[in-house]
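Whatever order the structure lists ligands and atoms in, that order sets their numbers, starting from 1. Residue numbers run from 1 in the order of the sequence given. Both backbone and side-chain heavy atoms feed into the values below; hydrogens, waters and symmetry mates do not. Only a predicted model underlies this, so the values are computations on that prediction, with no experimental measurement involved.
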Amino acid sequence: MSTSRTLITGASSGIGRALAQRFAAAGHSLILVARRQAALEALAEELRQTHRIEVLVIAQDLAEAGAAARLMEQINATGLEVDTLVNNAGLGYNGAFAESSLEQIQSMLQVDMVALTELCHLCLAPMKKRGHGRILNVASVAALLPCPQFAVYAACKAYVLSLSESLRYELRDQHISVTTLCPGATATEFHDVAGNEGTLITRLMDSPEMVAEVAYRAMLRGRGAVISGWINKPLPFFLQWMPRSWAMGLAGRAARRQAA
Ligand SMILES: NC(=O)c1ccc[n+]([C@@H]2O[C@H](COP(=O)([O-])OP(=O)(O)OC[C@H]3O[C@@H](n4cnc5c(N)ncnc54)[C@H](OP(=O)(O)O)[C@@H]3O)[C@@H](O)[C@H]2O)c1
């Protein structure tokens with residue numbers, strides 16, 4: 001039995017769940033991570049039955065300091081190897097920076113940046129030793145510009161995009177690909193957690209399955225960064241020409257809750 005696994009964080013819902021289904025359909029055996037164990041176990045059972053793959057479930061809160069190291073210790077103890085790392089777990093909160101709680105800010109920094117960075121670092125050494133590997137990091141179109149009301153989230157996602165592009169360059173001759181997915185608004189629980197009800201963001205959303213398909217194909221082709229959704233693709237072109245203050249104003253307006 002092969003010991004190679006695809007590790008997917010944030011697989012209990014949304015894009016992570018759809019990615020798990022896409023990887024499983026392609027025959028990848030998986031390690032699924034999130035806090036909600038029951039949701040992960042139910043998905044794991046469905047994937048084992050449907051696709052005849054091996055699935056290991058690990059419940060882990062990635063907002064805790066040292067979570068990535070603890071997760072990798074558990075994986076190493078099983079003798080399994082991560083040949084593909086999908087850093088998908090993430091969250092954002094809609095609100096002005098000054099009115100956000102420190103707890104909200106810390107959980108975004110920890111899950112969206114710290115855990116992702118530490119997992120890349122912990123998985124890369126064995127990937128380099130084996131001479132191959134793949135990393136898929138989930139950023140957002142929010143990585144492309146500062147977003148008032150989502151200041152910390154957008155800054156975290158800009159970090160993810162920047163980090164991933166640098167890693168991709170550093171690893172270009174080592175048979176390790178690093179792909180960054182930048183989804184636009186996608187119909188997932190993200191918007192319930194963020195408190196996005198009544199905003200323009202939630203008016204036109206992509207399906208998590210479509211986003212996962214775009215991400216999976218981009219990763220297989222070894223692409224650098226990919227934006228999912230036809231409505232989001234021209235964004236970099238417009239942002240190139242639009243004054244930054246206008247773009248920020250539009251982003252802030254899209255995130256503002258409309259009066260009922
Ligand atoms: N939906 C969008 O519009 C959108 C747009 C651009 C980018 N994204 C990005 O896409 C990724 C997936 O989000 P989604 O839209 O699929 O949202 P989602 O349905 O809320 O899924 C988020 C996943 O992250 C996990 N997660 C959150 N906090 C965690 C923690 N402390 N420890 C471990 N796991 C944690 C959640 O699992 P548990 O709750 O079980 O822990 C869940 O599986 C995120 O990185 C998000 O920033 C989403």
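If you check which protein heavy atom lies closest to atom 25 (C) of ligand 1, you get G10 CA, 3.6 Å. Regarding atom 27 (C) of ligand 1, its nearest protein heavy-atom neighbour is R35 NH2, 3.6 Å. Given atom 8 (N) of ligand 1, the protein heavy atom at minimum distance is Y153 OH, 3.6 Å. Annotation: atom 48 (C) of ligand 1 to nearest protein heavy atom, I15 CD1, 4.0 Å. For atom 31 (N) of ligand 1, the closest non-hydrogen atom of the protein is D61 OD1, 2.8 Å. Closest protein heavy atom to atom 32 (N) of ligand 1: L62 N, 2.8 Å. Atom 20 (O) of ligand 1 has F190 N, 3.2 Å as its closest protein atom, hydrogens excluded (heavy atom only). Of the protein's heavy atoms, S13 OG, 3.2 Å lies nearest to atom 21 (O) of ligand 1.
Aromatic pair Y153/F97: ring centres not closer than 6.0 Å.
At a heavy-atom distance under 4.0 Å, only backbone atoms of A11 (N, CA, C or O) approach ligand 1. Proximity of K157 to ligand 1, defined as any heavy-atom pair under 4.0 Å, is confined to the side chain (atoms from C-beta onward). Contacts of A139 with ligand 1, taken as heavy-atom pairs under 4.0 Å, involve the backbone alone. With a 4.0 Å cut-off on non-hydrogen atoms, N88 touches ligand 1 through its backbone as well as its side chain. With a 4.0 Å cut-off on non-hydrogen atoms, Q110 does not touch ligand 1 at all. Only the side chain of V111 comes within 4.0 Å of ligand 1, judged by heavy-atom distances.
Ligand 1 has no N or O atom lying under 3.5 Å from any N or O atom of A34, backbone or side chain. Here's the thing with V141: none of its N/O atoms is less than 3.5 angstrom from an N/O atom of ligand 1.
Remark: side-chain polar atoms of S162 are not paired, donor with acceptor, to backbone N or O of Y159 under 3.5 angstrom. Distance alone, capped at 3.5 Å, is enough to place a donor-acceptor pair between the K157 side chain and the V138 backbone. Between the side chain of N88 and the backbone N or O of T9 there is at least one donor-acceptor pair closer than 3.5 Å. T78 contributes a side-chain N or O that, together with a main-chain N or O of L80, makes up a donor-acceptor pair within less than 3.5 Å. Of the possible polar contacts, none joining the R223 side chain to the L220 backbone as a donor-acceptor pair under 3.5 Å is found.
The existence of a salt bridge linking R17 and E46 is confirmed by a sub-4.0 Å separation between a basic side-chain nitrogen and an acidic carboxylate oxygen. A salt bridge is defined here as a Lys NZ or Arg NE, NH1 or NH2 lying under 4.0 Å from an Asp or Glu carboxylate O, and R5 with E81 fails to meet this definition. The existence of a salt bridge linking E64 and R70 is confirmed by a sub-4.0 Å separation between a basic side-chain nitrogen and an acidic carboxylate oxygen.
Proximity of G184 to ligand 1 is established by a heavy-atom distance of less than 4.0 Å. Within the 4.0 Å heavy-atom shell around ligand 1 one finds H191.
Considering each of S140, S12, P183, A143, the one bringing a non-hydrogen atom nearest atom 43 (O) of ligand 1 is S12. Taking all heavy atoms of D192, T188, L71 into account, the minimum distance to atom 14 (P) of ligand 1 is reached by T188. Nearest-heavy-atom check against atom 13 (O) of ligand 1 across G90, G14, S228 picks out G90.
Of the candidates I15, V33, L30, L30 is the only one forming a side chain to side chain contact (heavy atoms under 4.5 Å, CB included) with I8. Among the candidates T6, D83, T84, the single residue satisfying the side-chain hydrogen bond (donor to acceptor under 3.5 Å, both in side chains) test with H28 is T6. None of V160, V178, I135 except one satisfies the side chain to side chain contact (heavy atoms under 4.5 Å, CB included) rule with C120; the exception is I135.
Side-chain contact, Y93 with S101: no donor N or O sits under 3.5 Å from an acceptor N or O. N137 and S164 form a side-chain donor-acceptor contact under 3.5 Å, judged by distance and modelled atom types alone.
Heavy-atom contacts of A63 reach the following atoms of ligand 1: 31 (N) (cutoff under 4.0 Å). Those atoms of ligand 1 with a heavy atom of Q60 less than 4.0 angstrom away are 32 (N), 33 (C). Proximity to R36 (heavy-atom distance under 4.0 Å) selects the following atoms of ligand 1: 37 (O), 38 (P), 39 (O), 40 (O). For ligand 1, the atoms sitting less than 4.0 Å from at least one non-hydrogen atom of A185 are 3 (O), numbered in the order shown with element in parentheses.
In R217, the CZ atom is not crowded: 12 or fewer heavy atoms of neighbouring residues, nucleotides or ligands sit closer than 6.0 Å.
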